[in-house]
Number of protein chains: 2
Amino acid sequence: MAIKERKEREKQEMRNLIIESATAMFLKQGYDKTSIRNIADDIEYSPATIYLYFKDKDEIFYVIHENAFDILDKLLRQHEAIADPLERLDAIGRTYIKFGLENPDYYDLMFIMRAPMEQIKNEEKWKAGECAFGYLLTTLSDCLAQDKIRQNDLHVTAIQVWSFVHGLVSLYVRERMCILMLEDDATREVLYSSFTLFMQNLKT
Amino acid sequence: MAIKERKEREKQEMRNLIIESATAMFLKQGYDKTSIRNIADDIEYSPATIYLYFKDKDEIFYVIHENAFDILDKLLRQHEAIADPLERLDAIGRTYIKFGLENPDYYDLMFIMRAPMEQIKNEEKWKAGECAFGYLLTTLSDCLAQDKIRQNDLHVTAIQVWSFVHGLVSLYVRERMCILMLEDDATREVLYSSFTLFMQNLKT
DNA sequence: GAATATAATAAACACTGTTTAGTAAATGCA
DNA sequence: TGCATTTACTAAACAGTGTTTATTATATTC
């Protein structure tokens with residue numbers, strides 16, 4: 001019964017086709033302008049066909065959200081070789097911010113939008129998020145073990161670090177950094193300076 | 001020509017009626033479920049009438065956004081009497097977080113959603129935001145003058161503080177704090193503990 | 001009282017996500 | 001090979017959305 005396998009393969013190919021089209025559209029025009037009908041038009045199928053492969057629009061964007069986490073994870077784990085955990089933490093932080101500034105739509109989907117989280121409610125666990133957060137936890141754990149940062153509860157420290165960098169990026173991508181009344185380049189410089197200051201305050 | 005004045009008054013009353021209905025609906029059911037048709041139904045006018053008083057849906061939510069800032073401003077300025085600027089900063093921070101946790105929909109509109117910012121692009125200035133941020137700047141300025149916090153650029157420090165508390169609240173309201181796998185009450189405690197730690201790290 | 005200006009609306013436009021009922025093609029079995 | 005069944009797909013509809021236009025009813029001015 002090789003037919004069943006081929007069918008399974010074809011099903012997966014169709015899912016990939018939809019995801020590819022949706023991702024391209026999403027990165028080009030944003031979430032709101034990426035409609036099921038637009039995707040259907042692009043892949044030359046009827047809108048109803050998409051619902052044979054995905055439960056709803058949220059499920060499509062949950063897959064894109066997972067792919068985005070794969071990209072971020074790879075970027076962050078590039079720094080795994082850095083021996084000094086504090087240096088590693090610094091590199092992770094800067095890469096996280098850089099990712100957010102350069103991929104505002106991905107960042108939105110991963111950490112701001114409600115859409116992919118609706119999906120997670122049904123799946124019990126936010127796997128992608130846990131993976132990245134776990135990496136932060138181990139790095140901070142190393143910092144604490146080597147007394148590189150001020151001693152405190154690991155989770156409280158992790159939330160402090162993540163909240164800060166997320167705050168920087170999310171205020172920027174949702175255009176609240178306009179209060180600084182600076183050009184885009186200058187605003188980004190303030191963000192990185194602020195991160196530098198934060199790291200200094202974190203040190204023992 | 002007292003008629004013109006009455007007409008102007010009636011126009012303002014109608015605007016207030018729409019805003020009141022929209023606000024009640026928004027706080028009860030959120031942004032997405034607050035449609036122009038629902039508001040029209042509620043105030044017993046046709047949907048088209050609303051467009052005689054507001055340019056579009058965004059303009060309605062810009063007004064609600066401004067009202068929300070009035071509420072937050074009043075809450076934050078309650079601490080104006082605290083003499084020690086560091087104590088004042090601490091109180092401001094905790095009140096900001098409390099406001100976000102207790103009014104997630106308002107917080108959304110003020111600091112996360114795109115809708116009200118679309119309006120601001122046409123108005124040149126984010127008045128409400130500048131007012132609150134200005135209050136943070138003066139408080140931090142006092143802290144620096146009295147050498148209560150580590151010396152650094154005022155704006156960079158302000159962005160650091162705001163980004164951190166915004167990160168805490170926005171990750172919470174957009175349900176990303178689920179990575180902690182804690183009950184709601186415990187999660188909130190971690191947020192406040194994290195703020196305490198942040199303030200410690202900020203001190204000289 | 002007639003002419004004009006204002007206020008309100010019904011209906012339409014162009015969308016959206018999603019479901020249902022029906023068709024055409026591929027597959028399983030005799 | 002021929003027929004029944006399953007699978008893949010879609011046209012059309014449903015119930016919404018924000019917004020605009022043409023029309024009617026009311027109020028104001030002259």
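Proteins come first, then strands; the chains are lettered A, B, ... in the order of their sequence lines, and each starts at number 1. Bear in mind the structure is a predicted one, so any value in this text is a computation, not a measurement.
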Quiz item: Is the backbone N or O of Gln160(B) less than 3.5 Å from a side-chain atom of Ser194(A), with the two atoms forming a donor-acceptor pair by type?
Solution: yes
Quiz prompt | Donor-acceptor pair present, Arg37(B) side chain and dG16(D) base, under 3.5 Å | solution = no
Quiz item: Closer to the 5' end of DNA chain C via nearest nucleotide, is it Ala48(A) or Ser35(A)?
Solution: Ser35(A)
Quiz item: Just to confirm, is there a sub-4.0 Å distance from OP1 or OP2 of dT9(C) to any side-chain nitrogen or oxygen of Ser46(B)?
Solution: yes
Quiz item: Atom CD1 of Ile36(B) to atom P of dA12(C): distance rounded to whole Å?
Solution: 21 Å
Quiz item: With a cut-off of under 6.0 Å to the ring centre and 45° to the axis, is Lys57(A) in cation-pi contact with Tyr31(A)?
Solution: yes
Quiz item: Between the axis at one end of the helix from dG1(C)-dC30(D) to dC29(C)-dG2(D) and the axis at the other (five pairs apiece), what's the angle to 10 degrees?
Solution: 20°
Practice problem: Report the distance from atom CD1 of Ile43(A) to atom CD of Glu20(A), rounding to the nearest 0.5 Å. | Solution: 10.5 Å
Quiz item: How many angstroms lie between atom CD1 of Ile120(B) and atom CH2 of Trp126(B), to the nearest 0.5 angstrom?
Solution: 6.5 Å
Quiz prompt | Integer-rounded Å distance: dC9(D) C1' and Glu13(A) CD | solution = 17 Å
Quiz item: Can Arg94(B) and Asp90(B) be counted as an ion pair, charged N to O under 4.0 angstrom?
Solution: yes
Quiz item: Atom CG of Leu52(B) to atom C1' of dA10(C): distance rounded to whole Å?
Solution: 14 Å
Quiz prompt | Of the listed nucleotides dC9(D), dT20(C), dT18(C), the one nearest the side chain of Pro47(A) | solution = dT18(C)
Quiz item: Whole Å only: how far is the CG atom of Asp56(A) from the C1' atom of dG16(D)?
Solution: 16 Å
Quiz item: NZ of Lys55(B) versus C1' of dT19(D): gap in Å, rounded?
Solution: 11 Å
Self-check item: Atom pair OH (Tyr106(A)) and CZ (Phe69(A)), whose distance is rounded to the nearest 0.5 Å
Solution: 12.5 Å
Practice problem: Validate the cation-pi geometry between Arg77(B) and Tyr135(B): distance from NZ or CZ to the six-membered ring centre under 6.0 Å, angle to the ring axis within 45°. | Solution: yes
Quiz item: For dC9(D), does either OP1 or OP2 sit under 4.0 Å from a side-chain N or O belonging to Thr49(A)?
Solution: no
Quiz prompt | Whole-Å gap separating P (dT16(C)) and CD1 (Ile50(A)) | solution = 12 Å
Exercise. Using a cut-off of strictly less than 4.0 Å, decide whether Tyr53(B) has a side-chain nitrogen or oxygen near OP1 or OP2 of dA8(C).
Key: yes
Exercise. Please state whether the phosphate of dG16(D), meaning OP1 or OP2, lies under 4.0 angstrom from any side-chain nitrogen or oxygen of Asn38(B).
Key: no
Self-check item: Whole-Å distance separating the CZ atom of Phe54(A) from the P atom of dC9(D)
Solution: 13 Å
Practice problem: Would you mind reading off the distance between Lys33(A) atom NZ and dG18(D) atom P, rounded to a whole angstrom? | Solution: 17 Å
